[in-house]
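Heads up, the thing below is written out as structure tokens.
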Amino acid sequence: MQTEISEKNLHRLLPNRVPKPIVVDEIDSTNACLKQMALSGAAEGTAIFAGLQTAGRGRLGRDFASPPGGIYASVLWRLRPDDRLLCLTALAAVAVRRALARACGIETAIKWRNDLLLGEKKLCGILTELQTDGQGIQAVIGIGINVNTQKFPPELSGKATSILLQTGCAVDGNRIAAELLRELDAARSVLSENPEKYLAEYAAACITVGKRVKVLRADTSRDALALGIGHDGALRVRYNDGSEELLLSGEAGVRAQNGDYC
Ligand code: BTN
């Protein structure tokens, strides 16, 4: 079975998509590359896939390990200031979840705000980056999915999984990539009008809700209970002193049953 993504296969699966997706073997970061391309005039919907990344970027300035076997993709959305910019990551999470269900029949859970889990381990991370050239807003939505990954760096091996490791089956990356683009294009089309259905799906699939969480900010952390998903995918939490907050960004680590935070 062909497991690696190629332009030829992707173009065959998406014959009418414009612009045609770009596929490279190796890159520093698909997000960094697409942000640069956006400044040089790349079209709405430009998508780039890489077989591995040498400087993959994660949230909060972290690195994102990007070994062979994963899908590393970024898509460009050209937006206006009055678009619902805060819900882009939630829309993308739902799009990835739908694509994985359709392409390989797996049911993933969402860990607020930007992770997809399979069997309680991280399968996918999403990094949305916004920039402007003074004319409009350029959103680069970066998605890393552990598809046929066999080995992770030691520090991740207890926390990350891949479809191959979880199911024992290698899957066709082209199929997933094609469904991913279809779903992202569909999510893009509801953004300005009515993203509420996506946000409801996000809330329903989000396993953070109902859990004890640790809200981490700079060098502070506070214990809280995750109460639910609010407007634009924000997480509503209640602290131990009874006060409540709607978290738009930052980080809420979920307390695992053994008392650890993951
Ligand atoms: C996270 O889990 O912190 C977010 C990870 C996002 C990784 C993807 S892989 C494709 C795109 N290019 C990058 O450099 N990062 C994103």
Side-chain angles (χ1 to χ4, degrees), residues 3-7 10 17 19-79 85 88-93 95-96 99-100 111 113-117 122-133 136-157 159-163 173-174 176-181 183-185 187-188 249-251:
T3 56
E4 279 170 29
I5 301 173
S6 72
E7 270 180 11
L10 212 43
R17 189 179 194 275
K20 296 268 179 229
I22 301 162
V23 180
V24 298
D25 291 340
E26 180 179 326
I27 202 165
D28 52 356
S29 154
T30 55
N31 265 31
C33 173
L34 193 53
K35 284 174 79 179
Q36 211 47 52
M37 289 170 68
L39 293 173
S40 310
E44 156 77 20
T46 299
I48 175 157
F49 289 81
L52 69 85
Q53 295 184 121
T54 53
R57 299 184 350 189
R59 280 182 74 229
L60 307 171
R62 297 180 187 136
D63 294 338
F64 183 75
S66 310
I71 289 182
Y72 309 107
S74 299
V75 176
L76 172 65
W77 290 356
R78 291 189 171 275
L79 304 173
L85 302 176
L88 298 181
T89 299
L91 257 62
V96 179
L100 291 173
K111 175 172 169 275
R113 163 181 275 273
N114 68 324
D115 290 347
L116 260 63
L117 310 184
K122 179 161 170 169
L123 182 76
C124 164
I126 299 169
L127 173 68
T128 302
E129 297 189 83
L130 300 176
Q131 66 183 16
T132 179
D133 56 2
I137 293 167
Q138 305 161 355
V140 169
I141 299 173
I143 296 164
I145 311 173
N146 305 323
V147 176
N148 295 315
T149 320
Q150 310 217 33
K151 214 165 172 242
F152 292 100
E155 67 277 12
L156 292 182
S157 58
K159 297 180 188 163
T161 193
S162 69
I163 299 174
N174 295 282
I176 297 178
E179 292 298 347
L180 182 62
L181 283 183
E183 291 294 348
L184 285 169
D185 292 348
R188 172 69 183 93
S249 59
E251 179 146 271

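- Within a 6.0 Å sphere centred on CD of Q150, other residues, nucleotides and ligands contribute 12 heavy atoms or fewer.
- None of T89, N31, N114 except one satisfies the side-chain hydrogen bond (donor to acceptor under 3.5 Å, both in side chains) rule with T128; the exception is T89.
- For the atom pair CG of L181 and CZ of F49, the computed distance is 4.0 Å after rounding to the nearest 0.5 Å.
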**Worked verdict on T46 versus I22 for side-chain contact (heavy atoms from CB on, under 4.5 Å)** = CA-CA 8 Å; T46 299; I22 301 162; 4.2 Å; yes
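- Within 6.0 Å of atom NZ in K20, more than 12 heavy atoms from other residues, nucleotides or ligands are found, so the atom counts as buried in its surroundings.
- The nearest pair of heavy atoms linking D115 to G125 is OD1-CA, 4.0 Å.
- Between atom OG1 of residue T161 and atom CZ of residue F152 there is a gap of 6.0 Å, rounded to the nearest 0.5 Å.
- To the nearest 0.5 angstrom, E7 atom CD is 8.0 Å from L10 atom CG.
- Nearest heavy-atom pair across A47 and V75 is CB-CG2, 4.0 Å.
- When all heavy atoms of N146 and A160 are compared, the closest pair comes out as ND2-CB, 4.3 Å.
- Within 6.0 Å of CG in D133 there are more than 12 heavy atoms belonging to other residues, nucleotides or ligands.
- Closest heavy-atom contact between A43 and L76: O-CD2, 3.5 Å.
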**Request:** Go through the steps for S162 and T149 under the test side-chain hydrogen bond (donor to acceptor under 3.5 Å, both in side chains), then give the verdict.
**Result:** CA-CA 6 Å; S162 69; T149 320; 4.9 Å; no
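- Not one N or O on the side chain of D25 forms a donor-acceptor pair closer than 3.5 Å with the backbone of G51.
- A distance of 4.5 Å separates CZ of R188 from CD of E44, quoted to the nearest 0.5 Å.
- Interatomic distance, OH of Y72 versus CD1 of I145, reported as 10.0 Å (0.5 Å rounding).
- Applying the salt bridge (charged side-chain N to carboxylate O under 4.0 Å, His left out) test to residues at least two apart or on different chains, the pairs with a partner in residues 28-42 are K35-E129.
- The two atoms that bring L91 and A187 nearest to each other are CD2-O, 3.5 Å, heavy atoms only.
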**Request:** For W77 and L88, run side-chain contact (heavy atoms from CB on, under 4.5 Å): C-alpha distance rounded to whole Å, both residues' side-chain angles, the deciding distance at 0.1 Å, then the answer.
**Result:** CA-CA 10 Å; W77 290 356; L88 298 181; 3.8 Å; yes
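- Remark: N148 pairs with no residue by the side-chain hydrogen bond (donor to acceptor under 3.5 Å, both in side chains) rule, at least two apart or across chains.
- Side-chain contact between V23 and S6 is absent, with no heavy atoms from C-beta onward closer than 4.5 Å.
- Within the 4.5 Å cutoff, the side chain of K122 has no heavy atoms near those of the K159 side chain.
- Although no hydrogens or angles enter the test, the distance criterion places no donor-acceptor pair under 3.5 Å between the side chain of R59 and the main chain of G61.
- Here I27 contributes atom CD1 and L34 contributes atom CG; the two are 9.0 Å apart, rounded to the nearest 0.5 Å.
- When all heavy atoms of A32 and R57 are compared, the pair lying nearest together is CB-NH1, 3.4 Å.
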